Structures are given as structure tokens and as C-alpha cells.
Trainee: 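Mind looking over this structure? Questions follow.
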Amino acid sequence: MPARMQTQVSLRPYNTFGIDVPARWWVEVENERDALEFIMDNAHRSQPILVLGGGSNLLFTGPVEGIVLRAAIRGIELLESDAGTALVEAGAGEPWHGLVEWAIAQGLGGIENLSLIPGTVGAAPIQNIGAYGAELQDVFDSLDAMHLETGAVHRFDRAACRFGYRESIFKQELKGKYLILRVRLRLSRTPVLNTRYGDIAQELAAIGGEPDLRKVSEAVCRIRRSKLPDPAEIGNAGSFFKNPSIPAAQAAALQAQHPQMPAYPQADGSVKVPAGWLIEACGWKGRREGACGVHARQALVLVNYGGAAGAEILALSARIQADVQARFGIALEREVNVI
Ligand code: EPU
């Protein structure tokens, strides 16, 4: 048994919703060698393994019967550098925002709009994190991941990850099959600032001076802090649902009835509508039910005021889905992984 294996560990500190469920087994690995040793050792027990990153995109609804494996692999390294770009490699256990700050300090652009996203570097590709007009896939180079049954390390380039909107192969066919070890990003030394989204330009104006990477990051941080609850204070996992894409005809019909409904036409002809607007229109924004509720400043975020069970939050989400379906004929899909 690897040295750091523990039994009956509360997962409460390890999920941003703050749900208190036990893991039957718990192990933390700090490097590839320990990961391999653990996986080979587990081959005899064949216990199911749940890989945990920052726990910021999942909802536990009951005890975890198998092993929870936390990848605490650290390190940020500049692998290649030329006049235009830099290839950066970061360990899966690095906190995502720390990598953003590191990049900005080096004058490397491409992830500044992804400032302050909770979670780890290793979890970022799983759901292709995105915010304020940027997505991980825009700068993604490749990652290395260890197969949880064989211990073999495979390299996945961008195409192999099959990124989509909050999607990748690691949420689909390869769900639960790999431990991501490290991620490589191609960042720019001559970044073009992306300030088109929402309130960024306004925040930049308030900050003042010539916009640069640091100021864009600061603007994003200010917007996030003003709308999104801090998981250290109120349990949450960011957006609980995805923004749905609907057929253009349905969007047109809905806009005729609700002229104030925001709608964003997509390249494929569909139209994306903000789930937050739909949920708010159904009267859910700021509503509290027992120990959980809908955040008062962002209806897409469900919150745990303290002591909520995962099942309660899941039931709340199902009632919201039913209301949005009944009122708008739109099926909201969860973004958060339910375990
Ligand atoms: N809106 C409302 N009421 C609300 C919330 C939103 O009417 O309570 C409408 C507003 O019209 C607003 C529009 O929705 O203009 C968009 O809202 P916002 O900019 O807050 O973004 P979002 O679409 O709700 C998405 C991501 C966030 C990301 C922001 C900013 C998803 C599921 N969520 O939210 O990502 O930070 O854009 O780019 O795509 C996350 O994935 O966990 C996450 C927080």
C-alpha cells in the first residue's frame, strides 16, 4: 500500500461545494513515479478510482466507495521559447490561477481572460475551461496522462482531446480512464488583448492607463468577484448548467415573446442563449431552499449555504430544469459532474 493511502477521509475540504461525504480510500500522488507505483499496486485490488483535481466542478451525492486519487503534481517550466511564442508545461496539481499569474509575470499572453477560475491545471482540459471570450483549447498544445489500469503514459494533442464547449474526450469516451499528469500550453510573447466580452472594456477604463496583460487579468478578476461567489465563503461550483444552443427558429419565436432575451448566433446556425437569463426569468435568482439556493448575483450558480447534501442541490437543479423546460421548451444540461 503506498505510504499516503488513508481510509474514511472526509471530502469536504476537497470540493468547492463543501459537501461532506467520506471517501473509502484516499491517496495523494506528488509525481509520476508515485502515480505509477500506486496504479500498479491497485491493479491487484481493482478498486474503482476517482481522480480529483481542485474539486471545483463536481457535486458529491453520496459516499465514494472506491479510491479518491488526488494528483498533487507541481511545477511550471518553460520548455521552448522564441521571439513569438513560448511552450509552457505545468504539473496537473498546480492551481490554475497560479499558472495564469506566472504567465503574466513572464509577459506571456493567452490565458489572462481565464483569470481566477478555481481548480487545477490538470482539470482545465477536462472541461475545456472558458471565460470572457477565451477557452483553454485556444492555447492548448498537448498533455500527458497515465492510464489508470495499465499505468501507460499517453500524449494527447489538441485534436485527440476533442475539445468542445465545456467538453473534451475526458468527459466522454475516456471518462474516468486517465490521470492527467501535465499540460502544455503555447503562449504568446506578442499577445493581442481580447477585451470584447461583456464588461471588460468598462473595467479596463475604470482601471485606467494603457491596457496590458495584467490589467486585463485584473478586470476579469473584478468582474468575477462582483458576480461569482467565492467558494471559500459560500460553497459552489461555478456555472451549474451549460448555456444551451437552440435552433434559430426557436430562438426567433422566443425573442418575439421576450424581446429582452439575449441571444448569440453560432457559426453552425444555432443560437446560444444564457441559461442564467432563462433561470432568472423563471424566478429562481436569489431563491433559497433549505441549505442551498440560487446565487443572488448570477442565476447560473447554485450555492451551498452550509450543510446542504449533494442530493438536495441535485434536486434543486432538477426543479430548475423542469421550470425552464416548461416555460421555454429548453432542456438545460448540467456542466457540473455529479458523482
Ligand atoms: N444573465 C442573466 N441573469 C443572470 C446571469 C446571466 O440575465 O443571473 C444573462 C445576462 O444577460 C448576461 C448573460 O446572461 O449578459 C451572460 O452572463 P455572464 O457574462 O455572467 O456569463 P454566463 O453566460 O452566465 C458564462 C460561463 C462562465 C463564465 C462567463 C464569462 C458557462 C456555462 N458559463 O456564464 O463560466 O465565467 O460566461 O465568460 O458557459 C463556469 O463555467 O463555471 C463559469 C463560471
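Here the structure is a predicted model, which means the values were calculated and not measured. As the structure lists them, so they are numbered: ligands from 1, and atoms in each ligand from 1.
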Trainee: So which protein heavy atom does atom 15 (O) of ligand 1 come closest to, and at what separation?
Mentor: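 That would be Tyr264 OH, 4.1 Å.
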
Trainee: Take atom CZ of Arg155 as the centre, draw a 6.0 Å sphere, and report whether it contains more than 12 heavy atoms from other residues, nucleotides or ligands.
Mentor: yes

Trainee: Verify the ring-centre separation between Phe17 and Phe60: is it less than 6.0 angstrom?
Mentor: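 Ring-ring flag for Phe60/Phe17: false, centres at least 6.0 Å apart.
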
Trainee: Do the numbers put Lys272 on top of the ring of Tyr165, so that NZ or CZ is under 6.0 Å from the six-membered ring centre and no more than 45° off the axis?
Mentor: yes

Trainee: Between the candidates Lys227, Lys285, Arg166, which shows the shortest non-hydrogen contact distance to atom 35 (O) of ligand 1?
Mentor: Arg166

Trainee: Tell me: protein heavy atom nearest atom 14 (O) of ligand 1, and distance?
Mentor: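 Going atom by atom, the protein heavy atom closest to atom 14 (O) of ligand 1 ends up being Pro274 CB, 3.0 Å.
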
Trainee: Is Arg224 atom CZ crowded by more than 12 heavy atoms from other residues, nucleotides or ligands, each under 6.0 Å away?
Mentor: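 Counting other residues, nucleotides and ligands, CZ of Arg224 exceeds 12 neighbours.
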
Trainee: For atom 41 (O) of ligand 1, what's the nearest protein heavy atom and its distance?
Mentor: Glu335 OE1, 2.8 Å

Trainee: Of Lys242, Arg166, Lys171, which meets salt bridge (charged side-chain N to carboxylate O under 4.0 Å, His left out) against Glu333?
Mentor: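 Of Lys242, Arg166, Lys171, salt bridge (charged side-chain N to carboxylate O under 4.0 Å, His left out) with Glu333 is met by Lys242 alone.
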
Trainee: Quick one: look at Gln298 and ligand 1, take heavy-atom pairs under 4.0 Å, and tell me if it's side chain, backbone, both or neither.
Mentor: both

Trainee: Any protein heavy atom at under 4.0 Å, with atom 12 (C) of ligand 1 as the reference point?
Mentor: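 Not a single protein heavy atom is under 4.0 Å away.
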
Trainee: Taking Glu218 as the fixed residue, which of Arg214, Arg222, Lys215 is the one that meets the salt bridge (charged side-chain N to carboxylate O under 4.0 Å, His left out) rule?
Mentor: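 Option passing the salt bridge (charged side-chain N to carboxylate O under 4.0 Å, His left out) with Glu218: Arg222.
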
Trainee: Closest non-hydrogen protein atom to atom 38 (O) of ligand 1, residue and atom name please, with distance?
Mentor: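 Of every protein heavy atom, Tyr132 N, 2.6 Å lies nearest to atom 38 (O) of ligand 1.
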
Trainee: With a 4.0 Å cut-off on heavy atoms, is Arg224 touching ligand 1?
Mentor: yes

Trainee: Of the non-hydrogen atoms in Glu94 and Gly75, which two are nearest, and what is the gap between them?
Mentor: OE2-N, 2.6 Å

Trainee: Under a 4.0 angstrom heavy-atom cut-off, which atoms of ligand 1 come close to Gly238?
Mentor: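 Close to Gly238: 42 (O).
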
Trainee: What is the ring orientation for Phe328 with Trp277, classed by angle as parallel under 30°, tilted 30 to 60°, or perpendicular over 60°?
Mentor: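 Plane angle between 30° and 60°, so tilted.
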
Trainee: Going by the order shown, which atoms of ligand 1 are within less than 4.0 Å of some heavy atom of Phe241?
Mentor: 32 (C)

Trainee: Specify the protein heavy atom at minimum distance from atom 31 (C) of ligand 1: its residue, its atom name, and the distance to 0.1 Å.
Mentor: Tyr165 OH, 3.3 Å

Trainee: Say you draw a straight line from CZ of Arg297 to NZ of Lys227; how long is it, rounded to the nearest 0.5 Å?
Mentor: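 Going from CZ on Arg297 over to NZ on Lys227, the span is 11.0 Å.
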
Trainee: Can you check whether Phe240's main-chain N or O pairs, donor with acceptor, with Arg334's side chain at less than 3.5 Å?
Mentor: no

Trainee: So which heavy atom on Gln250 is nearest to which on Gly329, and how close?
Mentor: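 Of all heavy-atom pairs spanning Gln250 and Gly329, the closest is NE2-O, 3.1 Å.
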
Trainee: Measure across Glu112 and Val220 and return the closest heavy-atom pair with its distance rounded to 0.1 Å.
Mentor: O-CG2, 4.2 Å

Trainee: Check whether any heavy atom of Arg297 sits under 4.0 Å from an atom of ligand 1.
Mentor: no

Trainee: Consider every N or O of Glu280 and every N or O of ligand 1, then say whether any pair is closer than 3.5 Å.
Mentor: yes

Trainee: At less than 4.0 angstrom from any non-hydrogen atom of Ala131, what atoms of ligand 1 do you find?
Mentor: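 Near Ala131, the atoms of ligand 1 are 36 (O), 38 (O).
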
Trainee: Considering non-hydrogen atoms of the protein only, which is the closest contact for atom 1 (N) of ligand 1, and what is the distance?
Mentor: Trp277 N, 3.7 Å

Trainee: With a heavy-atom distance limit of 4.0 Å, tell me whether Tyr197 approaches ligand 1 through its side chain, its backbone, both, or neither.
Mentor: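 Tyr197 to ligand 1: side-chain contact only, backbone stays beyond 4.0 Å.
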
Trainee: Is the closest heavy-atom distance from Pro262 to ligand 1 below 4.0 Å?
Mentor: yes

Trainee: How far is atom 25 (C) of ligand 1 from its nearest protein heavy atom, and which residue and atom is that?
Mentor: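 Answer, as residue, atom name and distance: Asn243 ND2, 4.0 Å.
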
Trainee: Under a 4.0 Å N-O cut-off, is there an ion pair linking Arg184 with Asp144?
Mentor: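 Salt bridge: yes.
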
Trainee: Return the closest protein heavy atom for atom 44 (C) of ligand 1 as residue, atom name and distance.
Mentor: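 For this ligand atom, the closest protein heavy atom is Ser239 OG, 3.2 Å.
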
Trainee: Looking only at distance, does Ala299 have an N or O less than 3.5 Å from an N or O of ligand 1?
Mentor: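 N/O-N/O distance under 3.5 Å: yes.
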
Trainee: Before signing off on this row, confirm whether Lys242 and ligand 1 have an N or O atom pair separated by under 3.5 Å.
Mentor: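 The answer is no, given that Lys242 and ligand 1 share no N or O pair closer than 3.5 Å.
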
